Amino acid sequence: MPKSRIRKKADYTPPPAKQTAAIKLTNRAWVAPVMLALFLIGLAWIVVFYVTDGSLPIDALGNWNIVVGFGFIAAGFGVSTQWK
């Protein structure tokens, strides 16, 4: 029986290496102190409002002082999204 022709297989060449994009890690050391400061300012604002029966921190705002305190706390949560 005649021998069949041997087909030469092409040598395997791996695909070219992909260029990996360097991840830029910036220094975010400011996030934790600012976040904690906003939490504490908001908490202190609300506590001062209740302890002084609404005369402090800003008398003209009345019960809106609670909203201001929670606004500081919400800002703290907003800053916390920047933490890595």
Side-chain angles (χ1 to χ4, degrees):
M1 203 162 190
K3 261 187 167 180
S4 61
R5 221 161 94 194
I6 299 173
R7 295 182 193 152
K8 185 177 180 183
K9 291 184 179 181
D11 292 335
Y12 174 74
T13 56
K18 293 181 180 180
Q19 295 289 338
T20 58
I23 298 173
K24 184 179 178 184
L25 296 176
T26 58
N27 186 6
R28 298 201 181 188
W30 60 272
V31 173
V34 171
M35 175 184 66
L36 292 175
L38 287 170
F39 286 155
L40 291 175
I41 290 170
L43 180 65
W45 194 287
I46 294 170
V47 168
V48 167
F49 173 73
Y50 277 115
V51 169
T52 61
D53 290 328
S55 62
L56 288 177
I58 301 175
D59 189 28
L61 289 179
N63 286 335
W64 283 97
N65 280 305
I66 298 170
V67 175
V68 172
F70 278 113
F72 277 112
I73 294 171
F77 279 114
V79 169
S80 72
T81 63
Q82 300 298 315
W83 196 7
K84 291 192 178 194

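Given the structure is predicted, the values throughout are model-derived calculations rather than measurements.
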Rounding to 0.5 Å, atoms CG (L40) and CE (M35) come to a distance of 10.0 Å
Okay, side chain of N65, backbone of G62: is any donor-acceptor separation there less than 3.5 Å? yes
Indicate yes or no: at least one non-hydrogen side-chain atom of W45 is less than 4.5 angstrom from one of F70. no
Quick check on the hydrophobic clustering: are F39 and F72 connected, directly or via other members, by side-chain heavy-atom contacts under 4.5 Å?
yes
Indicate if V51 and I66 have the same hydrophobic cluster label, given that clusters are the connected sets of ILVMFWY residues with side-chain heavy-atom separations under 4.5 angstrom.
-> no
Here the pair of heavy atoms bringing Y12 nearest to P15 is OH-CD, 3.8 Å
Of all heavy-atom pairs linking G42 and I73, the shortest is CA-CG1, 3.9 Å
Note to self: If hydrophobic clusters are built by linking Ile, Leu, Val, Met, Phe, Trp and Tyr wherever their side-chain heavy atoms come under 4.5 Å apart, do L61 and V67 end up in the same one?
What the structure shows: yes
Q | Hydrophobic cluster identity match, V47 and W64, side-chain contacts under 4.5 Å | A | no
Minimal heavy-atom distance between V48 and T52, with the atoms involved, is O-OG1, 2.7 Å
>> If you define the side chain from C-beta out and look only at heavy atoms, does anything of L38 sit under 4.5 Å from F77?
In response: no
d(I46 CD1, I41 CD1) to nearest 0.5 Å is 12.5 Å
Check your understanding: With a 4.5 Å heavy-atom cut-off, do I58 and V68 have their side chains touching?
Key -> no
